[in-house]
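Data block below; observations after.
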There are 2 protein chains.
Amino acid sequence: MRPDDLAEVRHLPLFRDMLKANFDQLMQGAYAQTFPAGLELIRQGDPADFLHVVMEGSVELYAHWEGRICTMAVVQPVSTFILAACIKDAPYLMSARTLERARLLLVPASDLRAVFRRDPEFAVSTITELAGCYRAVVRHAKGLKLRNSRERIAAYLLKQSRSLGGAARFSLTVEKRLIASYLGMTPENLSRAIRSLEEVGVQVKGQQVTITDMAQLLAFVPPDPLIDGPDTGGATAGVSLPQGVAG
Amino acid sequence: MRPDDLAEVRHLPLFRDMLKANFDQLMQGAYAQTFPAGLELIRQGDPADFLHVVMEGSVELYAHWEGRICTMAVVQPVSTFILAACIKDAPYLMSARTLERARLLLVPASDLRAVFRRDPEFAVSTITELAGCYRAVVRHAKGLKLRNSRERIAAYLLKQSRSLGGAARFSLTVEKRLIASYLGMTPENLSRAIRSLEEVGVQVKGQQVTITDMAQLLAFVPPDPLIDGPDTGGATAGVSLPQGVAG
DNA sequence: CGAACCCTTGACAGAAATCAACTAAGGTGG
DNA sequence: CCACCTTAGTTGATTTCTGTCAAGGGTTCG
């Protein structure tokens, strides 16, 4: 594993406060690997063996049942996923696949469980991380239940804009079909709904999003930190959530 | 607070492994209180001051946005809720109200945060509890996205049945309108969908549910532990989930 | 160049929300 | 004890939303 990878992992909220000795030991059992695009990393139902950390590229978390599939999140660097399954030593609830060529760090789940039992700082970091993940999914569920398709799309676009500091023009970072699945609708429906949103202040041409009337758009879906998440203003992009979003 | 209350709280997975001294201290700052039916205990957006433990009665967790409301969970004794908000010292994502007369234990969030920083066992319990909550919400979100109304209802009824050891006859434990909201549909739609489920092996008359053809019902919605949760076989009832479900 | 694949559009079918009316059950107060 | 009121639940008619099926345009990549 590259030394600068280690430094980056060390800076993650999950790992930054633990004792160096414990961090080093955790990383000793871990290994980094590069995967091609479109590879299935994890299949839902499998036992949770490794905590995954995305170093480069992006990973889709998705779920399936009876032949249907839906995207649950897109994880982008640098963040972890499937933490909860590792902790519970339980089957993964979601599958994962690379959206593009990606480099991942795999940390054995057993090491993880051993370490937070003896490193209180790491335990606290884990608690904070999980609490954040939990709240992210609750917000997602609230969006699904309280908003219709058009509203979810508008809120999604507004969130993207806000994460870029309120930009009126920006590019979508993931495929539309994936956005559709993440927002709980079909690609056709997304396409039509996007078109219909022109009358409330957004125009989407290909990947290019232009907010033509911010006030009108804000009036159409009043952003709510209890659904859309707190103002990040940072560089978080895509459908991913602030940090690790999957357990 | 009653001594037998203390014993019951002490037996919760969240509290059972911590040092007695720490438990006692936590409980010293806590207080129990009885609330009438229909009282709003928590309003979403308010700062998280207390971890709530339901000792008796039941509590609905719900969310609202722009005049719309939806039920997120029903919490029944003995379990905790809004753990995650307390940990993050962040605003509640959900509101809470008593469905019936209920007795609650309120534990100051600041005490909570202080204690798991110095009691590793409690930290581990908190981690496990949160991981469980996270997975419960992920399962709920999966159900919403991967199943249609009829399937969600059928799965819900099957889950109730299984939690009673596979009973073919049982009573609904919560109001239908609440079930409808929990499952993400209108009461009218629930009513009609229930009626239409007669042709796949369930009959519902008032509160009474009768599974007339278990095989057919199982074929209609193949239960999936990654959505419906692991087989409990226990006495868990209502729309509530195994343990604390709200952070 | 051809083969995928994504995205879009149209036509249609099915699902779900809405509006309105009606029933039934439970609780209140006379 | 009964009349009354409130509320949950149901049913019907209708509209709106969403998914499905099919076709075509555009792009990327081998």
Side-chain angles (χ1 to χ4, degrees), chain A residues 36-38 60 65-71 74 97 99-101 143-154 157 171-200 202-209 220-221 239, chain B residues 36-38 60 65-71 74 97 99-101 143-154 157 171-200 202-209 220-221 239:
Chain A
E60 177 192 5
W65 180 76
E66 292 291 303
R68 295 169 219 170
I69 297 187
C70 74
T71 301
V74 171
R97 67 184 156 210
L99 287 176
E100 52 191 328
R101 183 182 163 84
L144 289 171
K145 292 173 92 165
L146 290 171
R147 291 172 171 165
N148 63 26
S149 300
R150 290 180 78 201
E151 291 164 344
R152 293 201 294 278
I153 297 167
L157 296 176
S171 280
L172 296 176
T173 54
V174 296
E175 290 178 348
K176 284 185 185 165
R177 57 196 299 280
L178 210 145
I179 296 175
S181 181
Y182 174 69
L183 296 178
M185 66 193 80
T186 60
E188 295 96 323
N189 194 11
L190 177 74
S191 193
R192 274 187 266 268
I194 281 180
R195 170 62 53 94
S196 83
L197 284 178
E198 287 182 4
E199 59 194 42
V200 293
V202 240
Q203 234 176 33
V204 182
K205 282 207 177 105
Q207 305 274 88
Q208 269 299 314
V209 180
F220 179 65
V221 263
V239 290
Chain B
E60 177 193 7
W65 180 76
E66 292 291 304
R68 296 169 219 170
I69 297 185
C70 74
T71 301
V74 171
R97 66 183 156 211
L99 288 175
E100 51 191 327
R101 183 181 163 85
L144 289 171
K145 291 174 93 165
L146 290 170
R147 290 171 172 164
N148 62 27
S149 301
R150 291 180 77 201
E151 291 165 342
R152 293 201 295 277
I153 297 166
L157 296 176
S171 281
L172 296 176
T173 54
V174 296
E175 289 179 348
K176 284 184 185 166
R177 57 198 297 280
L178 210 144
I179 295 175
S181 180
Y182 175 69
L183 296 178
M185 67 192 81
T186 60
E188 295 96 320
N189 194 13
L190 177 76
S191 191
R192 276 187 264 267
I194 280 179
R195 168 62 53 94
S196 83
L197 285 178
E198 287 182 4
E199 59 194 45
V200 292
V202 242
Q203 233 175 35
V204 181
K205 284 208 175 102
Q207 306 274 88
Q208 269 298 314
V209 180
F220 178 66
V221 261
V239 290

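Every chain is numbered from 1 and lettered A, B, ... according to where its sequence line falls, protein lines coming before strand lines. Computed from a predicted model, the values in this text were never measured in an experiment. Side chains included, hydrogens not; waters and symmetry mates left out as well; all remaining heavy atoms used.
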Query raised in the report: Around atom CZ of Arg68(A), are there more than 12 heavy atoms of other residues, nucleotides or ligands at under 6.0 Å?
Result: yes
Report summary line: Leu190(B) atom CG is separated from dA17(C) atom C1', nearest whole Å, by 14 Å
Report summary line: Walking DNA chain C from its 5' end, the first of Gln207(A) and Arg192(A) to be reached, judged by nearest nucleotide, is Gln207(A)
Query raised in the report: Which whole-number value in Å describes the distance from Asn189(A) CG to dT9(C) C1'?
Result: 13 Å
Protein-nucleic acid N or O pairs under 3.5 Å, nucleotides 22-27 of chain C:
none

Query raised in the report: Under 3.5 Å, is there a donor-acceptor pair between the side chain of Lys145(B) and the main chain of Ile69(A)?
Result: no
Report task. Measure the shortest side-chain to side-chain distance between Tyr182(B) and Val174(B) over non-hydrogen atoms and say whether it is less than 4.5 angstrom. Result -> no
Query raised in the report: Any sub-3.5 Å donor-acceptor pair from Thr71(B)'s side-chain atoms to Ser181(B)'s backbone N or O?
Result: no
Report task. Five pairs at each end of the helix from dC1(C)-dG30(D) to dG30(C)-dC1(D): take the axis at both ends and give me the angle between them to 10°. Result -> 40°
Query raised in the report: Any idea which heavy atoms bring Ser171(A) and Gln208(A) closest together, and the distance?
Result: OG-NE2, 2.9 Å
Query raised in the report: Met185(A) has an atom CE; how far is it from atom P of dC7(C), in whole Å?
Result: 14 Å
Requested in this report: Apply the test side chain to side chain contact (heavy atoms under 4.5 Å, CB included) to residues Leu99(B) and Leu178(B): give CA-CA distance (whole Å), side-chain angles for both, the deciding distance (0.1 Å), then the verdict.
Outcome: CA-CA 10 Å; Leu99(B) 288 175; Leu178(B) 210 144; 3.6 Å; yes
Query raised in the report: Side-chain N or O of Thr186(B) less than 4.0 angstrom from OP1 or OP2 on dA16(C)?
Result: no
Query raised in the report: Quick one: Ile153(B) CD1 to dA15(C) C1', roughly how many Å, whole number?
Result: 12 Å
Report summary line: Value for CG (Leu190(B)) from CD1 (Ile179(B)), rounded to nearest 0.5 Å, stands at 6.5 Å
Query - Main-chain N/O of Glu188(A) paired with Ser191(A) side-chain donor or acceptor, under 3.5 Å - result: no
Query raised in the report: Is a side-chain donor or acceptor of Arg147(B) paired with a backbone partner of Arg152(B) at a separation under 3.5 angstrom?
Result: no
Report task. Tell whether Glu188(B) reaches the base of dC19(C) with its side chain through a donor-acceptor pair below 3.5 angstrom. Result -> yes
Requested in this report: Using a 4.0 Å heavy-atom cut-off across all strands, classify Arg150(B) as base, sugar-phosphate, or nothing.
Outcome: nothing
Query - Inter-residue atom distance Asn189(B).CG - Ile153(B).CD1, 0.5 Å rounding - result: 6.5 Å
Query raised in the report: How many Å lie between CG on Leu144(B) and P on dA16(C), as a whole number?
Result: 12 Å
**Report entry** Distance in angstrom units between Lys176(A) NZ and dC5(C) C1', rounded
**Finding:** 15 Å
Query - Nucleotide interval of DNA chain D bounded by contacts with chain A (heavy-atom cut-off, under 4.0 Å) - result: dT18(D) to dC21(D)
Requested in this report: Look up atom CD in Gln203(B) and atom CG in Leu157(B), then write down how far apart they are to the nearest 0.5 Å.
Outcome: 12.5 Å
